[in-house]
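I have placed the structure first, in the form of C-alpha cells, so that the comments after it can refer back to it.
No experiment lies behind these values; they were computed from the predicted model shown. All chains are named by letter (A, B, ...) in the order of the sequence lines, taking the proteins before the strands, and each is independently numbered beginning at 1.
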Amino acid sequence: MSGDHRNPDYQVNSGSKTNDSHKHKDKHKDKEHRHKDHKKDKEREKTKHSNSEHREGRDSEKKLRDKEKEKQKHSNGSSDKHREKQKEKRRDEKVKPIHIDKPKRENENGYAREKSPPPIKSEPEDNGFDPSPKQKPTKRERDDEEFDCKPKKVKKEDEKKAKKRRQDYDDEEEEEDIKPKKKTKVKKGMEGKKPKKEEEEKWKWWEEERATDGSKWRFLEHKGPVFALPYEPLPLHVRFFCDGKQIKLSPPAEEVATFFAKMLDHEYTTKDIFRKNFFKDWRKEMTPEEKSKITDLNKCNFNEMSEHFKAQSEARKQMSKDEKLKIKEENERILQEYGFCLMDNHKERIGNFRIEPPGLFRGRGDHPKMGMLKRRIRPEDIIINCSKDSKHPKPPAGTRWKELRHDNKVTWLVSWTENIQGSIKYIMLNPSSRIKGEKDWQKYETARRLKKCVERLRTQYRDDWKSKEMRIRQRAVALYFIDKLALRAGNEKEEGETADTVGCCSLRVEHINLYPKMDDQEYVVEFDFLGKDSIRYYNKIPVEKRAFKNLQLFLENKQPEDDLFDRLNTSILNKHLQELMDGLTAKVFRTYNASITLQQQLKALTSPDDNLPGKILSYNRANRAVAVLCNHQRAPPKTFEKSMQNLQTKIDDKQKQLATSRKQLKTSKADHKASHDEKSKKAVETKRKTVQRIEEQLMNLQMQATDREENKQIALGTSKLNYLDPRISVAWCKKWEISIEKVYNKTQREKFAWAIDMAEDDFEF
DNA sequence: TAAGGCACTTAGCAATTACCCT
DNA sequence: AGGGTAATTGCTAAGTGCCTTA
C-alpha cells in the first residue's frame, strides 16, 4: 500500500547521545549492520526516485534564485548573520491561495466533539470495536470529511445501547453539574450483574457517547494535591564549612545547601553554569551574615552533608521488613486518598497528585538555567479546578489556595506556575482515564485519515518543489523531511532560555551538509543536530534530486547560524497542512509513519513457523524500526556489558549442556541398537526429548541476546506508548495467538484497555 | 502577525520494585 | 535470605499546537 516503499529509509537513521555528541560520529557506523536487510529496498527506491526526475525546472530555479537574491539584498542589505533577522524576511511573496476546499469544522472553537473517537471514519474496519463478534459502530459519521471519504457505511447503532446511552445523557444534562449519583453507573444491561459499588468493574468508556460541546467533564471532585514534606533541618553533628570554618546555616540556606550536597556525585555540579546559577540562587536564601561569609562556592565544603545523606539512604535500605511495610502502607493510604478523583460518576486515577518538591533545576543538555533553585510550592501558589457543586479540596490548615475555579473546558485538577521558566504545571489524570484515552484514540484516528490521503499530499509537495515562490518550496521540502524522516515540527524557542535544540522548521544551515555524490549514492543530505531533550539526530540519507537542488538554493548566501527555512515556521506549515486535511498537523506524520512502519514490519518479519520467542523477537524488531525512525535513544544501561556477558555465559553453559546430552542420546541409540528392548527404546525417546528441550532453551537464550544487543541504545518504550496505534499490536497478538502480556505490561494494558477490548485480529491501521 | 499564554503530549532518566539465582 | 539485575513506575523537562492579545 501507499508509502510502503519508503519504509526502508527509516532504518537509516542512527545517532548517539548528545553529551559526547559531535566527537563520535564514527560510533554510528557500527550500527549500520542493523540496516542491512533493507538495502535492497533502498536501492529500489533510489531508482524510482531518479526515474521520476525531470529536467525541466532548472531555469525556473535559477530565476527564482536570482529573484530571491535580489530580495535579500534589498530587505536586509548587510549580511546579517543572525537568524533573528531572517524572520523579518518572510512575506512579500505573492499570495497564491490554495485551492482545496476545506470544509469548515462545524464548531469554530475547535471543541467540537463526536461521540467515539473524533472524526471516526465510517470505514467498515474502523468499527470492529465491539466485544461482540458483530460490528456495532458506536460512531456517528462526520459530515465534513473531505477527500478521503469513501461512501459511508453508516451502521445503525445498537438499539439498546443507544437508548441507554441517550438516557444517561439526558439524565445528567438536565441539571448540569449534578452531584455524582451514589449509584455507580455501569453497563447495566451487560453481564447482568449489579455493579460492585467500589470497583465498578472496568468501565468501558469507549462504548459511550462523547460530549460535543467542548466540555471535558460535567462533574469533577478531588482532594487536591499532596505537598512536599516540609524541610527538616540537619542534625547538629552534620557540619558545613566554608573556607575551613564551620558555619551553622539558617534553615532556608541550609535547605538549599542540602540540595547541592545531594547532587555532589553528579557531573552537573562540576559545570560552571550550574555552579554559577546555584550559587546565585543560594545566596538569595542566605542571611546577611551568611552572605558576607560565603562568597565563593569553591570554598564550600558539603562533604558532611553529602555523607549524611548517603548514610541515610543506606539506612533506608537496611530497614526491617516491618518498617518497610509500614511505609508502603502509608503510601498506599495516601494514594487511596489523593490518587483518585471522581469525574462524571467514575472514579479515575490521577497521574501525578504530588506537588514537585523543591530542588535544583536540572535541564537537559546545555541548559542555561541548570542549577537554579526550584522553589517550594505552597498552597498559595495553587489553583484548584473542580465542579462548583463538588466537595472542594481543603487547603492545609492555616493556608489558602491561590484560586478555586470551575472550568470544565480543561482537564486539569490542579495547577501552579513554576519559577524557572515561568510555565504552568498541572495535575492531570492517568493515561488509563477516559479523558486521556479518548484523546489518544482520536490521535490514531487522525493518523489513519492521513494514511488515506498521504499519497496525494506527497504528490503535492513534490509538485511544490517546483514552485516559483521560495516560501512554498521551503514548505514543501520541510514537509518532505517531516514525512520521510519523521522529524518534529520545530517550533521557535526563546534564545537563552533553554538549550539550543531544533526541529524541522527551526533547522539551521549548520545542521546539514549536502553531498551531491557520496560513495555510491547521489544527493545525500547529512543531518547533525540536537533535537528534543538534546538528543542528537545524526543521519546521512539520499534525497530526491529536486529536494536536493532546493536545499542548495536555500543555503545560498547564508551563514551557518542562519535558518535553513527562513520563510517558514511551524504555524505556517500547520496552517497549510490544515488546509490539506482536517486536523492535520506536523506531528500527525510522526504518528502515522510510526504506526504504519510497525504494521508493515510486523507483517514482513513475523514468520508463522517461528516459536514464541522468535515471534517476540520479530515484534521487538518491528518496534525497534520505529524507535530508530523516531530517533528514540537511550544511554546504554550502565550494566549493559556485564549483563551481556552474563547472558553469554548462560549460552555457553547451555551449549555444553547440549553437547553432553547429544552425546548421551547417541549412546542410548547405540544401546538400543544393540539390545532392541523396550527399555532402551524408551531411553532413546527421553534423551531425544531432552536434546530437543535444550536446543529450544538455547535458541531462546540466543534470541534474547540478539534482542538485547540490538536494543543497546534504543528505547522502545516511547514509541510504544506514544506513537504506535495499540490496535496494531493487539491485532498482531490475536492473529498469532500470543497473550497480550507478552507485549504490554500492566500499565500499558491499562492505558490501552480500549484497544485491547475493541481490536480484532484483522485490524488494519 | 508576532509574541506570549495556556493546555496537553512526548521524552529520557532515576528510583523503586519484582524477580531470579545462589 | 539476600544480593544483584532487569523491569516497571515515577518524575518532570521539553516539546507541539492552538488561542489571545497587543
Under 4.0 Å between a side-chain N/O of [X] and OP1 or OP2 of [N], yes or no?
| X | N | value |
| --- | --- | --- |
| A/K642 | C/dT5 | yes |
| A/T585 | C/dC18 | no |
| A/H367 | C/dA14 | yes |
| A/R590 | B/dA11 | yes |
| A/R708 | C/dA6 | yes |
| A/N722 | B/dT9 | no |
| A/K328 | B/dT16 | no |
| A/S643 | C/dA6 | yes |
| A/K493 | C/dG15 | yes |
| A/K443 | B/dT10 | yes |
| A/K216 | B/dC8 | yes |
| A/S423 | B/dC6 | no |
| A/S415 | B/dC6 | no |

Which comes earlier along DNA chain B counting from the 5' end, the contact point of A/Y426 or that of A/K751, where each point is its nearest nucleotide?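 Result: A/Y426.
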So which one's nearest nucleotide on DNA chain B is more toward 5', A/H266 or A/H632?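 Looking at the nearest nucleotide for each, A/H632 comes out on the 5' side.
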Does A/K425 contact C/dT12 through a side-chain donor or acceptor facing the base, at a distance under 3.5 Å?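 Result: no qualifying N/O pair found.
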Rounded to whole Å, please give me the gap between [atom1] in [X] and [atom2] in [N].
| X | N | atom1 | atom2 | value |
| --- | --- | --- | --- | --- |
| A/K409 | C/dC19 | NZ | P | 14 Å |
| A/N430 | C/dT12 | CG | C1' | 16 Å |
| A/R488 | C/dA13 | CZ | C1' | 13 Å |
| A/K650 | B/dC21 | NZ | C1' | 9 Å |
| A/Q421 | B/dC6 | CD | P | 15 Å |
| A/K587 | B/dC8 | NZ | P | 13 Å |
| A/E418 | C/dA14 | CD | C1' | 11 Å |
| A/N352 | B/dT9 | CG | P | 12 Å |

Counting side-chain heavy atoms from CB outward, which of [options] is closest to [X]?
| X | options | value |
| --- | --- | --- |
| A/D533 | B/dG12, C/dG10, C/dC18 | B/dG12 |
| A/Y723 | B/dT10, B/dG12, B/dC6 | B/dT10 |
| A/T411 | B/dC8, C/dA14, B/dC6 | B/dC8 |

Tell me whether A/E445 is salt-bridged to A/R448, with the criterion being a basic N under 4.0 Å from an acidic carboxylate O.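 Yes, charged N to carboxylate O under 4.0 Å.
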Salt bridge or not between A/R333 and A/E337? Use side-chain N to carboxylate O under 4.0 Å.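 Judged by the 4.0 Å cut-off on N to carboxylate O distance, A/R333 and A/E337 do form a salt bridge.
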Within the structure shown, what part of the strands sits under 4.0 Å from [X] by heavy-atom distance: base, sugar-phosphate, or nothing?
| X | result |
| --- | --- |
| A/G490 | sugar-phosphate |
| A/K374 | sugar-phosphate |
| A/P357 | sugar-phosphate |
| A/G531 | sugar-phosphate |
| A/N745 | sugar-phosphate |

Could you check whether A/Y744 and A/F752 have their ring centres less than 6.0 Å apart?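 Yes, the ring centres sit under 6.0 Å apart.
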Is it the case that atom CG in A/D366 sees more than 12 heavy atoms from other parts of the structure closer than 6.0 Å?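 No, the 6.0 Å shell around CG holds no more than 12 heavy atoms from other groups.
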Do other residues, nucleotides or ligands put more than 12 heavy atoms under 6.0 Å from the NZ atom of A/K324?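 Yes.
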Candidates A/R536, A/K493, A/R364, A/K532 - the one meeting side chain to side chain donor-acceptor pair (under 3.5 Å) with A/T501: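 Only one option passes, and that is A/K493.
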Any side-chain heavy atom of A/F361 within less than 4.5 Å of one from A/Q421?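 Yes; the side chains approach each other to less than 4.5 Å.
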